[in-house]
Each structure stands twice: as C-alpha cells, then as structure tokens.
Amino acid sequence: MQVTETKSEGLHREYAVTVGADALAAKTNEKLERVRADFQMKGFRKGKAPLPLLKKMFGKSLMGEVVQETVQETVQQHLEDTGHRPAQQPDVEVKNRTFDEGDDLTVEIRYDMLPDVPEVDFAGIALEKKVVEVDDAAVEEALERLAESSVDYEAEEGRAAAEGDQVVLDFVGKVDGEAFEGGSAEDYPLVIGSSSFIPGFEEQLTGAKAGEEKSVAVTFPENYGAEHLAGKEASFDCTVKEVRAPQKAGIDDALAQRYGAEDLDGLKGQIRERIEQEYEGATRTLLKRRLLDALDERVQFDLPPSLVEAEAQQIAHQLWHEEHPEVQGHDHEKVEPDDEHRKLAERRVRLGLLLAEVGQKEKVEISDQELGQAIMAQAQQYPGREREFFDFVRQNRGALEQIRAPLFEDKVVDLILGKAKVEEKPVSKDELQGEIEALDEEEAPAS
C-alpha cells in the first residue's frame, strides 16, 4: 500500500492511496479457494473445481467484495499508522471504479482531524452561584394563582351572561337549513371568552339569560378541520338553560384535597418544594452558562471546519423554522448560515470538544439505568405512543445519542464545577429571572 499526502491545511488532510494489483489478486484467490472448498461442479469432485472456471463464474462479484473490504481496511490501517482521529466519517472515493484484473486500486481519503485540546486549570475558575430562598410570600402568591385557576361556577337566577361566565346550553347546528353531524349537544358548559368555539359564537351569547332561545350565525374558518364545513356559513339554534357566575376557590383544605394533598399545610409544602426545584433549575442553568463562558474565554484551539459548518447549518436551519413555524417539513429553500451562525457554531464545537476530552480523560460514563430513566422521561411526552417512541430510539442510534449526549455533558459540567471555586450569592427571584431571560438574548444570533 502506497500512501501520498496530497493536502495538509490546518486540521484538513487529503491522501492518495494505491493498493497494488498483486495484493488484490491474492485476496481474490483466497476468496476463490474458500468458494472452491464447498463448491460442487459437474464432472469434478467437491472442492476440486478448477480455479480458472471459478474465476470466470464468480470473479466479478468477488472482486467487488475485495474492493469494498480493501477500501475499509485501507482507511483503518491509514488511521492506525498516522494516529489521526477524524472529526467525522472520512470521505473516501475510489478513483478507478471500473478497472480490469491486473490494475492497481486508487483511493482518495479526505477528512478533518480532531484537534489536540489543551488542559485547563479548573481551580482557577471563580463563579457565583445565585441562590434564591423560597419565602412564605412566594408560596402564598402561588396559592393565590392556584385558587384563581381553580374556578367553580354557580348558577344565578336572572343573571345576564358576560365574559368569564359559564353558560349551560343545548344547541343544534345547521348548514343550509340541515343539521350536520357533530353540531349538536345538550347541557354543554361553555365559558364565554374561552375561545373554545368557532370565532363569533361566544360573543353572540353575551347578555343571554336562562330560558332564552338564541340563533347564533357564524362562518366556519377556511382552515377548519372538517373539510365539508370549512368556509361554510352556519346557524346554531341555542337554548340557554343556566348562566353561572365564576367563583374563585377558597384557599383551604378543600382546595388542597382537589390537588391530592391531605390539607392546606400539605399543599403549601408541595408548592414550596416545586418552587425550590424551579429555582434550583434556573440557578443550575445560569451557573452552567457562566462556566461555559469562562471556559470559552480560556481555551482556544483549531476547530475542524467540517464540524463548524455542520453546526452552523443546523443552527441556521433551526432558527429559520422558528421564524417560519407554518412550515412543518424540510421542503423549502436552502438556508445558508451567516457569520453570526458560524460564530455561535464555533463556540458550540469548541466547548463540545473540550467537554468530550475532559469526560474521556476522567472516564465519565452514563449507566444503562441513567439512560433508561432519560428515555422513559422523554417517552412520557408522547402519551399513548410510548412503545412507538421506545422502538424508534432502540432502532435509531442517532436518537439514542441525542438523549445520551446531554447526560454526559451535565456529568462533565458537574465534575468541572467540583474543581472550580463556586461561591453562593443570595439574590431575589426577580434578579435570577432577569439573568435567565438575558441568556437567550446573549446567545441568539441577529436575524
């Protein structure tokens, strides 16, 4: 095997590799011998068929196998000899795909190498951990919001329906004078202002009282789910049975029991714990971001261009979809990354390589139990389709890696934080929230 370096720029490498015809012939003959051992040809004993005849019968197919195996072995041998670590799967091209017996095999190999990542003195990193204490006022405020969202409705005789009231009614919907399927109901509780019905329906019930009959005229939206009704004019014959006024739930044991607590003190304890978790999550997010900022300032090294470009493409594509939420698929114009996208991509690639290097040196691992718990947590986002999600993850290595990667990153971050100087600083919840909101503005590229 003859290897010639044809390009060396930064981390990028290109090589021309030639495998001699003799080596290819030797491999082909080895395969022919293995075929002959089990082959029965008419007129010959098993395993005694002439090689020239076998070559005529199987030569082309065996040569294809030989070429494929030789290319794989060539790339592997080259990487072992050089000690290079490709940033991505090497780009391999067979230059003479159609060659005759006796020709050499010529292969071109192109790849970006992973860089040498410098060591960082984590003990020299000083960070502030913003800590918020959950006070009684925060718990009471959360209780108030919970009570306001736990509205009961009580019927009031003679009350005229207003926004926020609940109207209990029977209705029959008609198009062109004919009732349509799914357009009728009895004793239906409708909150005026909830926008749960066709636009214009609820507003026409304003002022209605119990016992009144009203005809409500609406037009179904053009994008209505039922195609036979989309864009059609319809009328609803409505009978109002009750008008109920909203009643905010009391902050008492009854409210607590509605949410699974034994009493009010138990509910307060649950709320306090939930708020603590929210604060801890926000504190963790902020602390991790400030650590990554500190690492980004301290570490500089060459980056594989292919990784940066791939990350920039992904960032640009994601942001484009955020700006065009109406486009669900990927059948759209090509999105080209700009300088801001590439700048963010460089940061992400640099920090990703650094964390990966630290994790490898420190032998950070994700256990099957940790990975299983993460998969289970994500599966719960697809109620009724959990099994489908499990099967997808099991069969898709990329999906599994997307779940494993953040677990690995968080473990490495915790390891670094354990070596850095971290001091707690008490702050208010508003100060913490303000810093969290600023994170998105710091990272988001200008559109």
Side-chain angles (χ1 to χ4, degrees), residues 76 79 83-90 111-123 125 127 129 276-296 298-299 301 303-304 306-308 310-311 314-315 318 344-383 385-420 422 436 439 443:
Q76 185 63 35
L79 295 177
H84 292 170
R85 297 181 300 160
Q88 293 179 311
Q89 188 70 22
Y111 56 85
D112 290 339
M113 298 187 302
L114 287 175
D116 293 326
V117 179
E119 293 188 1
V120 181
D121 178 18
F122 301 129
I125 298 176
L127 300 168
K129 180 179 180 180
E276 286 175 349
Q277 291 174 351
E278 291 176 356
Y279 288 167
E280 288 173 4
T283 294
R284 163 75 181 187
T285 298
L286 183 59
L287 182 61
K288 178 180 176 180
R289 174 57 186 270
R290 295 312 177 211
L291 171 63
L292 295 180
D293 289 344
L295 293 174
D296 192 40
R298 284 167 169 76
V299 181
F301 51 86
L303 302 176
S306 57
L307 287 187
V308 173
E311 185 68 25
Q314 181 176 344
I315 292 170
Q318 178 182 345
L344 178 55
E346 288 176 357
R347 171 189 165 95
R348 289 186 180 178
V349 170
R350 182 183 302 110
L351 291 173
L353 291 175
L354 172 61
L355 295 179
E357 187 75 10
V358 173
Q360 183 178 6
K361 288 182 177 179
E362 297 289 344
K363 296 181 171 54
V364 174
E365 295 183 355
I366 304 301
S367 68
D368 291 342
Q369 182 179 2
E370 291 170 324
L371 189 58
Q373 290 174 345
I375 294 173
M376 181 71 71
Q378 290 204 19
Q380 292 175 353
Q381 300 176 20
Y382 305 93
R385 300 172 56 195
E386 291 87 352
R387 174 53 55 190
E388 182 180 341
F389 179 80
F390 288 139
D391 291 342
F392 172 75
V393 171
R394 187 177 67 251
Q395 298 167 11
N396 190 316
R397 186 171 181 176
L400 187 64
E401 181 57 26
Q402 286 183 345
I403 297 175
R404 193 194 77 88
L407 299 178
F408 178 86
E409 180 178 292
D410 279 343
K411 273 197 169 185
V412 177
V413 166
D414 286 338
L415 185 150
I416 297 174
L417 287 173
K419 297 181 179 183
V422 181
I436 290 294
L439 291 185
E443 181 168 311

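Values below: all heavy atoms of this structure, side chains included; hydrogens, waters and symmetry mates excluded. This is a predicted model, so every value here is computed, not measured.
Taking CZ of Arg404 as the reference point, atom CD of Glu401 lies at 4.5 Å (rounded to 0.5 Å). Atom-to-atom distance recorded for Arg397:CZ and Gln402:CD is 13.5 Å, nearest 0.5 angstrom. With values rounded to the nearest 0.5 angstrom, Gln88 atom CD is found 7.5 Å from Asp112 atom CG. Here CZ of Arg347 is found 9.0 Å from CG of Leu295. Values are rounded to the nearest 0.5 Å. Going from atom CG of Leu439 over to atom CG of Leu286 covers 5.5 Å, rounded to the nearest 0.5 Å. Here the straight-line distance linking atom OG1 of Thr285 with atom CZ of Arg290 works out to 11.5 Å at 0.5 Å rounding.
By the 4.5 Å heavy-atom criterion applied to side chains, Thr283 and Lys129 are counted as neighbours. Arg348 places none of its side-chain heavy atoms less than 4.5 Å from the side chain of Leu292. The closest side-chain heavy-atom distance from Val358 to Val117 is not below 4.5 Å. Here the side chains of Leu291 and Val422 are not in contact, with every heavy-atom distance at 4.5 Å or above.
Stacking of Arg394 on the aromatic ring of Phe390 is not recorded, the 6.0 Å distance cut-off and the 45° axial limit not both being met.
The minimum heavy-atom distance between Ile436 and Ala282, with the atom names listed, is CD1-O, 3.2 Å. When all heavy atoms are compared, the tightest approach of Leu371 to Ile366 is N-CG2, 4.1 Å. Closest heavy-atom contact between Ala399 and Phe392: CB-CE2, 3.5 Å. Nearest approach of Val299 to Pro118, heavy atoms of both residues: CG1-CG, 3.9 Å. In this structure, Ile403 and Ala374 approach most closely via the heavy-atom pair CG2-CB, 3.7 Å. Closest approach of Met113 to Pro304, counting heavy atoms only: O-CG, 3.5 Å.
By the 30° and 60° cut-offs, the orientation of the rings of Tyr382 relative to Phe389 is parallel.
Ion pairing of Asp391 with Arg385 is absent here, as no side-chain N (NZ or NE/NH1/NH2) approaches a carboxylate O to less than 4.0 Å.
Under the side-chain contact (heavy atoms from CB on, under 4.5 Å) criterion, Gln373 pairs with Gln369, sequence neighbours left out. With sequence neighbours left out, the ring-ring contact (aromatic ring centres under 6.0 Å, His included) criterion links Phe301 to no other residue.
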Fill in: Residue pair Ile375, Leu400: steps toward the side-chain contact (heavy atoms from CB on, under 4.5 Å) verdict
CA-CA 8 Å; Ile375 294 173; Leu400 187 64; 3.8 Å; yes
Discussion item. Evaluate Val393 against Gln378 for side-chain contact (heavy atoms from CB on, under 4.5 Å), listing each step before the verdict.
Written reply: CA-CA 10 Å; Val393 171; Gln378 290 204 19; over 6 Å; no
Item to complete: Before giving the answer on side-chain contact (heavy atoms from CB on, under 4.5 Å), spell out for Leu307 and Glu311 the whole-Å C-alpha distance, their side-chain angles and the decisive distance to 0.1 Å.
Response: CA-CA 6 Å; Leu307 287 187; Glu311 185 68 25; over 6 Å; no
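Of the candidates His84, Arg85, Gln89, Tyr111 forms a side chain to side chain donor-acceptor pair (under 3.5 Å) with just one, namely His84.
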With a 3.5 Å cut-off and sequence neighbours excluded, list the donor-acceptor pairs that the side chains of residues 409-416 form with protein atoms.
| unit_1 | atom_1 | unit_2 | atom_2 | d |
| --- | --- | --- | --- | --- |
| Glu409 | OE2 | Lys288 | NZ | 2.6 |
| Asp410 | OD1 | Arg284 | NH2 | 3.3 |
| Asp410 | OD1 | Lys288 | NZ | 3.1 |
| Lys411 | NZ | Glu365 | O | 2.8 |
| Lys411 | NZ | Glu370 | OE1 | 3.0 |
| Lys411 | NZ | Glu370 | OE2 | 3.1 |
| Asp414 | OD1 | Arg284 | NH1 | 2.3 |
| Asp414 | OD1 | Arg284 | NH2 | 3.3 |

